Amino acid sequence: MNVNEVSARDARTVSVGVHEDALPSVTRERYPAARVGREFIPPLPRGKDPGKVFERIRELARPWRDGGVYISYKPAPGEVAAGDWTRVHRDIGRWLADHPWVRIIVHHEPEGGRDRLDGATFRAVFARSRDEIKAGWAGARVAYCAMAYQWRPSGRAAQAPGQWRRVEADEYLCDVYSGMNENNGAFPAHLILPEHPGYTGWFDTIVRPRLATGLTYGLAERGFMGEDGLRAATIRRESAWLDRVFDRHAATGDPAGRPPTVYLAWSTPGAEDDKAWVLTDDSRTAMRELTGALARR
């Protein structure tokens with residue numbers, strides 16, 4: 001990919017994708033506008049060579065050359081602090097200079113889950129990792145990807161936001177899900193972004209104070225669970241809301257109303273093997289419409 005090709009892709013207002021357990025070519029048959037992907041590398045076992053992560057990044061990036069991809073990995077905080085990742089991070093940065101369609105997410109959803117970190121620990125891990133990667137290439141894009149669930153009013157991050165809001169990233173992303181079952185108990189299926197307490201908590205704390213600086217932000221996982229008709233209706237309401245956000249910003253140019261620059265829908269069972277997150281029938285059609293509308297922006 002040459003510089004002109006990268007510039008043309010980056011000139012699009014919003015990067016669009018749908019995460020599936022499928023090759024990019026198959027996803028694009030279902031969702032013609034989808035160009036950007038999301039890939040994950042699990043934490044290394046203790047004592048394993050961090051170079052293994054770099055190898056995996058190179059493997060995962062290859063199929064996304066003509067679109068773009070966000071690749072997540074979770075370095076151990078103690079190893080980062082001890083400098084065990086410094087060489088590998090700089091190597092990743094140098095490699096990114098020749099692969100600018102790849103963007104890195106350090107320790108996605110750090111606020112919750114089995115691998116959760118407190119705000120101060122994450123800030124330290126992220127800052128050092130980002131600095132080391134950018135020492136390899138200053139143009140590298142290193143993203144902080146948050147967990148919306150922990151930004152609801154009673155969430156862990158929302159209760160102690162100080163360190164989280166001080167994280168300096170090249171891009172701010174959030175994983176946001178609408179849908180409930182007997183296991184997750186998260187949020188009602190009908191909630192679109194401006195109604196979603198996790199999304200709005202994250203946006204108000206992390207994104208809104210930075211809008212005047214020209215930051216880029218968006219959705220790295222946007223999932224919908226529920227009866228197919230309800231999911232389709234929710235997706236279409238979200239699409240209509242996004243249209244209004246883009247139109248209003250185009251009319252006013254107000255930095256405070258800047259739209260998201262990334263929208264990655266989620267359509268896999270995920271690590272929890274919950275097939276209820278997979279888009280089907282009319283919800284799939286609605287997501288095809290939403291991604292198509294965003295890609296025309």
Side-chain angles (χ1 to χ4, degrees), residues 1-28 31 33-44 48-75 79-80 84-108 125-145 168-173 175 214-221 260-265 291 295:
M1 180 178 289
N2 61 41
V3 172
N4 290 334
E5 289 173 320
V6 173
S7 298
R9 191 196 73 230
D10 287 348
R12 291 173 59 174
T13 304
V14 58
S15 298
V16 180
V18 180
H19 180 67
E20 297 188 298
D21 292 334
L23 292 172
S25 58
V26 174
T27 296
R28 290 167 188 171
Y31 306 95
R35 287 293 179 271
V36 179
R38 180 85 188 268
E39 299 287 358
F40 303 86
I41 300 172
L44 287 176
K48 286 290 185 179
D49 177 12
K52 298 295 184 183
V53 167
F54 185 22
E55 292 176 11
R56 190 68 179 130
I57 287 172
R58 296 197 297 268
E59 293 170 1
L60 291 171
R62 203 168 294 123
W64 297 100
R65 184 182 177 89
D66 64 344
V69 64
Y70 290 87
I71 301 179
S72 304
Y73 72 99
K74 296 186 174 185
E79 293 178 359
V80 172
D84 296 344
W85 285 76
T86 301
R87 178 185 58 79
V88 170
H89 279 155
R90 290 175 178 168
D91 288 346
I92 290 171
R94 285 189 285 269
W95 177 84
L96 289 170
D98 295 321
H99 301 80
W101 65 90
V102 180
R103 297 187 177 187
I104 298 297
I105 296 172
V106 174
H107 211 293
H108 72 276
V125 168
F126 187 90
R128 179 158 183 168
S129 299
R130 175 177 177 260
D131 287 350
E132 290 173 349
I133 291 169
K134 292 175 80 70
W137 179 43
R141 302 286 290 176
V142 184
Y144 162 26
C145 182
E168 293 299 325
D170 300 297
E171 198 160 12
Y172 296 86
L173 306 173
D175 295 346
L215 92 165
T216 56
Y217 76 95
L219 293 307
E221 296 177 22
T261 55
V262 181
Y263 192 103
L264 254 165
T291 52

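Everything quoted here is computed from the prediction, not taken from an experiment.
With rounding to the nearest 0.5 angstrom, the CD atom of Glu39 is 11.0 Å from the CD atom of Glu59. Here the straight-line distance linking atom CD1 of Ile71 with atom CG of Leu96 works out to 8.5 Å at 0.5 Å rounding. Residue Asp84 holds its CG atom at 15.0 Å from NZ of Lys48, rounded to the nearest 0.5 Å. Rounding to the nearest 0.5 Å gives a distance of 13.5 Å between CD1 of Ile104 and CZ of Arg130. Between Phe126 atom CZ and Glu168 atom CD the span is 9.5 Å, to the nearest 0.5 Å. Here the straight-line distance linking atom CG of Asp49 with atom CZ of Phe54 works out to 12.0 Å at 0.5 Å rounding.
Heavy-atom neighbours of Arg58 CZ from other residues, nucleotides or ligands within 6.0 Å: above the threshold of 12.
Glu55 places a side-chain heavy atom less than 4.5 Å from the side chain of Lys52. Taking the side chain as every heavy atom from C-beta outward, Val125 and Pro75 approach each other to under 4.5 Å. Contact check for Val69 versus Leu60: no side-chain heavy atoms found under the 4.5 Å cut-off. Between Asp66 and Arg28, the closest side-chain pair of non-hydrogen atoms falls below 4.5 Å. Side-chain contact check for Arg141 versus Thr216: some heavy-atom pair is nearer than 4.5 Å. At least one side-chain heavy atom of Val106 sits less than 4.5 Å from a side-chain heavy atom of Val142. Side-chain contact check for Val53 versus Val88: every heavy-atom pair is 4.5 Å or farther apart.
When each of His19, Glu171, Arg38, Glu221 is paired with Tyr70, the side-chain hydrogen bond (donor to acceptor under 3.5 Å, both in side chains) condition holds for Glu171 and for no other.
Annotation for Lys74 and His108: closest pair CE-O, 3.4 Å, computed over non-hydrogen atoms. Closest approach of His99 to Trp95, counting heavy atoms only: ND1-O, 2.8 Å. What you find for Trp101 and Trp64 is that their closest heavy atoms are CD1-O, 3.4 Å. Looking at every heavy atom in both residues, Trp137 comes nearest to Pro100 through CH2-CB, 4.1 Å. Of all the heavy atoms in Cys145 and Asp175, the pair that sits closest is SG-OD1, 3.2 Å. Looking at every heavy atom in both residues, Leu264 comes nearest to Ala220 through CB-O, 3.4 Å.
The aromatic rings of Trp85 and Tyr73 lie parallel to each other, with less than 30° between the two planes, well short of the 60° mark.
Here Asp91 pairs with Arg94 in a salt bridge; the nearest charged N to carboxylate O distance falls below 4.0 Å.
The backbone N or O of Val14 sits nowhere less than 3.5 Å from a side-chain atom of Thr261 that would complete a donor-acceptor pair.
For Arg35 and Ser15, the side-chain atoms include no donor-acceptor pair closer than 3.5 Å.
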